[in-house]
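Notes for the one structure printed next.
Throughout, protein chains are lettered first and strands after them, A, B, ... in sequence-line order, and every chain is numbered starting at 1. Values reported hereafter were calculated over all heavy atoms of this structure, with side chains retained and with hydrogens, waters and symmetry mates removed.
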Amino acid sequence: MDNFVTTSFIGSDKNAGKTTVLSFVYNQIKQHSSAPVIITSIGINSEKVDSLEGHQKPIITIKKGDSFVTSVHQLKDLSGRYEILDTFSTYVSARALVDIRPVLEGPNTKKELIAIKQSLKKIIPRGTLLIDGSIDRQFLADPIVSDQFYFSLLISERQQQLNKAQSMIYSLSLPTTENKIKNVIENHKNDFTKSMIISSSNKIIYHSLKIPFLDDHLKDLINKQSKPHTLYLNAAFSKSVDYLLKQKNNVNIVLDNFTLYQLAQTQSSVGQPLNNLSLLNPVKARALFIKQVNSSASFKIPLPIKTYNLYREDVREIRI
Amino acid sequence: MKLEFEQNIIPTHLFDELGFEEFLANFDIPLPIISKVILKPLSCTQGESHFSELTKLRKQFKDNLHSLENIINLSSRLNSLDEVCTAYNNQSLDQVHLYTLAQFIKIDLEIQAEEKKFFQAHNPCLQIQTVLGQYMGANFNKLLLSQKETNIQEVTTNLEQDLLKEIKKIENEINKQTTLSMIYPYPKEISKQSSLFPSIKTCKLLQVKEDLDCFLVTYNLPAAMEELVKKIEGYQTEFNKLIDLKLTECNKHLHEYLLDFKKYYDLRKKRTYNYALVTCLLKNKLVIPSFDNVMDFKICEGELPQLKKKAKKHYAPLTISFKGGSNILFGSNMSGKTTILKTLYFHLTLIKMGLPVPAKKLNLKFPKHVGFHLMSSGDIRTNLSSLGDELNFFTQAIPSSSYILIDELFHSTNPVAGVELSKIFIKEFSKKPEVIFFCNTHYPEIISQKNSAIFKTSDSTPYIPELVASDNLEVVLKDNYKPLELALSFAIPESIKKEIKKYLENK
C-alpha cells in the first residue's frame with residue numbers, strides 16, 4: 001500500500017485563503033500525527049507581501065523535521081537551517097533543521113512535479129505532501145499527482161467572482177462517470193488526448209489531439225451524431241463547445257477532471273449548467289473552506305463535502 | 001543536449017527543406033551540463049583540431065563501447081554549474097551552491113576514474129572536495145555547525161516551543177472569556193448582532209474593528225509574548241551572522257581553486273559534448289570527415305536524410321569526387337542535379353559546424369566558406385530580379401578553401417547572355433584551384449569550356465555522376481532531347497503530345 005499521500009489546496013480565486021487553509025491543515029496534521037510533512041507550492045507562494053495588492057500575506061512555518069520544496073534562489077538567506085534531500089535543476093527539496101519560513105516556489109509543470117514526488121517517495125516513504133496549488137493547473141487533478149483536495153472558496157460582492165465560486169461548487173458536485181465508459185476512455189486515451197467520441201456500443205468513433213474549440217472535425221461529428229453517444233473532453237470546456245453541446249440532447253459529456261468545468265465558467269457568466277455532465281476522475285475533496293466577504297450571498301454547498309468557515313464566528317455559519 | 005545553429009547561418013527555407021532540424025535531433029541526449037549548444041561556424045584550425053579529437057575518441061571507444069556508455073550515463077547526472085560559477089567567482093556561494101558543487105565533483109571523480117585509461121587533466125576537484133567536507137560533512141547536504149551555533153539553534157527551538165505554548169494559552173483564555181474559537185494568527189469576523197460582542201469587547205487579549213457587514217476580531221498580544229518574539233528574532237540574527245561568517249570563510253578557502261576549476265569545468269563541458277557526438281555518430285553510423293591540404297573533395301555514399309526518409313528503398317546516396325577549380329554538372333531534367341548540390345551543401349554545412357556526417361566516407365579540405373545559390377525568382381524586398389540576385393551572390397568575398405555551389409548557372413537570363421556569362425564565370429573559377437566551384441547547367445555550349453571538369457548524371461545511377469572524358473564530351477549532348485521524351489509521360493493535351501512525337505521521329 002502506498003503510504004505517501006499528496007494533498008492539493010485549490011482556491012476559487014486569488015486571496016481565497018488557500019495558504020491560510022494549508023497552514024491550518026498542516027497544524028492539524030502535526031497535532032494528530034507524527035507523519036513527516038513536505039510542503040510545496042505551484043509557482044511562487046508564501047511571499048510576505050502580496051505582489052499584486054501589496055497587503056501582508058500569511059506565511060507557512062515549516063516545523064523542524066518537516067520538509068519543503070522550493071526554488072534554489074529562495075534558500076539564499078536560510079543557510080544552516082536545512083539539510084538538502086535532493087536537487088532538481090532549479091528546485092531543491094530540503095528538511096528543516098529548525099522551524100523556518102521559506103518563500104515556497106515549487107514546480108510549475110506536471111513533469112517536474114512527478115519527478116519531485118518520485119524522489120520524495122524514496123526519501124520520505126510515509127510522508128504527506130501538501131501542495132499550495134492553483135485552479136488553472138489542470139495537472140493537479142490527475143490522480144498520479146493528487147490523492148485528495150482541500151478547496152478554498154472566496155465569496156465576495158463581485159458578480160464575476162461569485163460566478164467563479166458558484167461554478168467551483170458545481171464542479172465539485174459532478175458525479176463520476178459509470179465504470180464501463182471510464183474503462184473505455186482510460187484504455188484509449190493518452191497524455192495528449194483532447195477529445196474522444198464514443199458510441200453507445202463503446203466503440204471509439206473519434207480520437208483527437210486537437211483543442212476542441214479549434215477542432216472543426218469534432219464539432220462536425222457531434223452535429224452529425226443521431227444516436228446517443230459519449231463525448232470525453234480533456235481540455236478547457238470553452239464557450240463554443242458549451243454552446244454546441246447545449247443544442248444536443250443525445251450526448252453524455254465526460255470531463256477529465258473538475259478543473260475543466262471551472263475554466264469554462266470563468267470565461268463567461270454562469271449559464272444553465274448541462275445536466276448530462278460527469279467526471280472521469282472523481283473529486284476526492286476532503287473539505288471546503290469558505291472565506292465569505294459577502295454574508296448575503298446564497299450558495300448550494302454539495303452535501304457530501306465537509307464545509308468550514310475559518311474566518312466567521314456566527315451561529316448562522318458552519319463552524320470549525 | 002539540444003543542438004541549434006547560430007542565427008542566419010542557413011536560409012530558413014533550406015534549413016526546413018533539407019531537414020537540418022531532424023538531423024540535429026539525432027544528438028538529443030539528456031545532458032543537463034550542456035542542455036543547449038549553439039553551433040557556430042568553425043575556422044579551419046578549430047575545425048581540423050575538433051575533428052581530430054573526435055577521431056581519437058572514436059578510436060578509443062570503438063572496441064570499448066561499454067566505457068563510453070558508462071561515461072555518458074555518469075555525465076547525464078552532471079548538472080550545469082553556470083550559476084554556481086558566477087557565485088564562486090563573486091565569493092557568494094551559499095549552502096545550495098556548495099551542495100551542487102559537491103555533487104558535481106562526486107560524479108566528476110567517477111567519470112575521471114573511467115577516463116583514467118586514456119585521458120588525464122590537471123584539476124582541483126579533490127582539493128575542493130576536501131574543503132567542502134570540512135564545512136559540510138561527508139554527505140555535503142548540510143552545514144556543519146559550531147557548538148555556539150548549535151546552542152543558538154537549540155535555544156531558538158525551545159523559545160519557539162514556549163511561544164507555541166503561550167499562543168495555546170492565549171487561545172484557551174480567549175475561549176474561556178468569550179467562547180470564541182480563535183486560531184492564532186488568523187483573525188475572525190463576527191456579525192454585528194452577535195451575542196458574543198460584549199464579552200469580546202472586554203477581553204484584553206482581543207481587538208475589535210468595524211468592517212463592512214461585521215466586526216473584525218484580531219489579537220492584542222501581551223507584552224511578554226512580544227518580548228518572546230523579539231528574543232527569538234535576536235537569536236536568529238545572531239545565528240545568521242555566524243553562518244554568514246562561516247560561508248565567507250568557506251568561499252575564501254575555495255577561491256584559491258577558482259581559476260583552475262573554471263578551466264576544468266569548461267574542459268568537462270567540451271569533453272561531454274565530444275562524448276555525446278561520438279555516441280551519436282556510432283549509434284547513427286555517421287562519419288568523421290578526413291582532411292587534406294589540397295582542394296580535393298571526395299564523398300562516398302553521402303546521404304540526405306530527409307530525402308532518404310521520403311524515398312525509402314528507392315533512395316540512392318551520392319558518390320562523387322572533384323578537385324579545386326570549375327566543375328560542371330550536366331544531366332537531363334529530373335535527373336537529380338539540384339539534389340546533388342543540396343546533398344553537398346548539407347554535408348559541407350555540417351562539417352563547417354563541427355558535426356559528423358551521414359556518409360560512408362568523406363575526404364576534403366576543411367571549408368573556410370560555403371556558398372550556395374539556388375535559382376530564385378528574385379526578391380522584391382531587395383529590389384533584385386532573378387539575374388540581379390544571382391549576380392549579387394558573386395559580390396561576396398570568396399576566400400581560398402571556399403566551396404561555391406550554383407544551381408542552374410545563369411539560367412536567370414536569356415540563353416545567349418546566360419551562356420556568355422556562364423563561360424566567363426567558369427573560366428574565372430577554373431583559374432582558382434584553391435576554390436571549389438561546382439555548378440549545374442543545361443547550356444550545351446558550356447562543354448567547350450577548357451580547364452573545367454565536366455560531370456554527367458546517369459539514368460541508371462543518378463547519384464553517382466560520371467566524370468566525362470575530354471575526348472568524349474558529345475555524350476553530354478545526347479540528353480538534349482530528353483525533356484521532350486519526359487513531357488510525354490505527363491498528362492498534357494494529346495494534340496501537343498502528337499507534335500512532340502512527330503518532332504522526335506523526324507529528328
Side-chain angles (χ1 to χ4, degrees), chain A residues 17 19-21 23-24 27-28 30-31 56 58-59 61 63-65 70-101 123 156-157 291-297 309-317 319-320, chain B residues 32 35 79-80 83-84 87 92-100 103 136-137 139-145 149 152-154 156-157 160-161 163-164 178-183 185-191 193-196 200 211-217 232 236 239-240 242-244 246-247:
Chain A
T19 308
T20 302
V21 171
S23 225
F24 172 74
N27 286 331
Q28 293 293 104
K30 294 315 290 177
Q31 277 177 31
Q56 292 278 317
I59 298 162
T61 302
K63 310 245 187 255
K64 180 183 174 182
T70 192
S71 173
V72 171
H73 67 270
Q74 300 293 1
L75 287 172
K76 199 159 177 47
D77 299 325
L78 293 169
S79 290
R81 294 185 166 87
Y82 61 87
E83 65 174 327
I84 297 167
L85 303 175
D86 205 351
T87 52
F88 318 85
S89 66
T90 55
Y91 305 107
V92 180
S93 60
R95 184 179 285 127
L97 297 173
V98 287
D99 289 3
I100 53 173
R101 295 167 187 87
I123 303 167
S156 74
E157 287 169 331
K291 183 175 179 181
Q292 191 168 359
V293 178
N294 179 4
S295 63
S296 60
N309 192 334
L310 270 182
Y311 305 87
R312 292 231 160 192
E313 186 85 5
D314 196 290
V315 283
R316 289 182 292 110
E317 304 289 343
R319 289 182 51 177
I320 297 164
Chain B
S35 56
N79 278 324
S80 164
E83 202 188 313
V84 172
S92 59
L93 293 164
D94 62 20
Q95 189 183 332
V96 180
H97 293 139
L98 296 176
Y99 173 83
T100 312
Q103 291 304 311
M136 304 191 77
N139 292 329
F140 307 101
N141 63 345
K142 59 182 174 185
L143 284 178
L144 293 180
L145 300 183
E149 289 155 355
I152 294 176
Q153 272 203 344
E154 277 171 13
T156 315
T157 304
E160 293 264 13
Q161 278 167 5
L163 186 65
L164 275 178
T178 66
T179 73
L180 203 57
S181 314
M182 294 291 282
I183 299 161
Y186 311 118
K188 204 135 222 186
E189 293 165 348
I190 59 160
S191 76
Q193 292 78 37
S194 174
S195 58
L196 301 176
I200 291 168
D211 213 344
L212 287 173
D213 62 338
C214 61
F215 287 117
L216 185 70
V217 184
I232 293 169
Q236 281 172 342
F239 183 80
N240 283 349
L242 290 171
I243 293 295
D244 281 351
K246 189 188 286 283
L247 287 172

Gap separating the OG atom of A:S79 from the CD1 atom of B:I243, nearest 0.5 angstrom: 7.5 Å

Enclosure of B:E83 CD (heavy-atom neighbours >12, cutoff 6.0 Å): no

Interchain contact, A:K76 with chain B, by part (heavy-atom threshold 4.5 Å): both

Side-chain ion pair, A:R101 and B:E160, N-O less than 4.0 Å: yes

Engaged part of A:T61 at the chain B interface, taking heavy atoms whose separation is under 4.5 Å: neither

From CA spacing to verdict: side chain to side chain contact (heavy atoms under 4.5 Å, CB included), A:V98, B:T156: CA-CA 8 Å; A:V98 287; B:T156 315; 5.7 Å; no

Donor-acceptor contact below 3.5 Å, side chain B:Q95 vs main chain A:Y82: yes

Gap between atom NZ of A:K63 and atom CG of B:L164 - 0.5 Å precision: 5.0 Å

Sidechain-backbone polar pair: B:Q153 side chain, A:G80 backbone, donor-acceptor under 3.5 Å: yes

From CD (B:Q236) to CD1 (A:I100), nearest 0.5 Å: 10.5 Å

Options A:L78, A:I84, A:N27, ranked by heavy-atom pairs under 4.5 Å with chain B, top entry: A:I84

Contact check, side chains of A:R81 and B:N240, non-hydrogen atoms, under 4.5 Å: yes

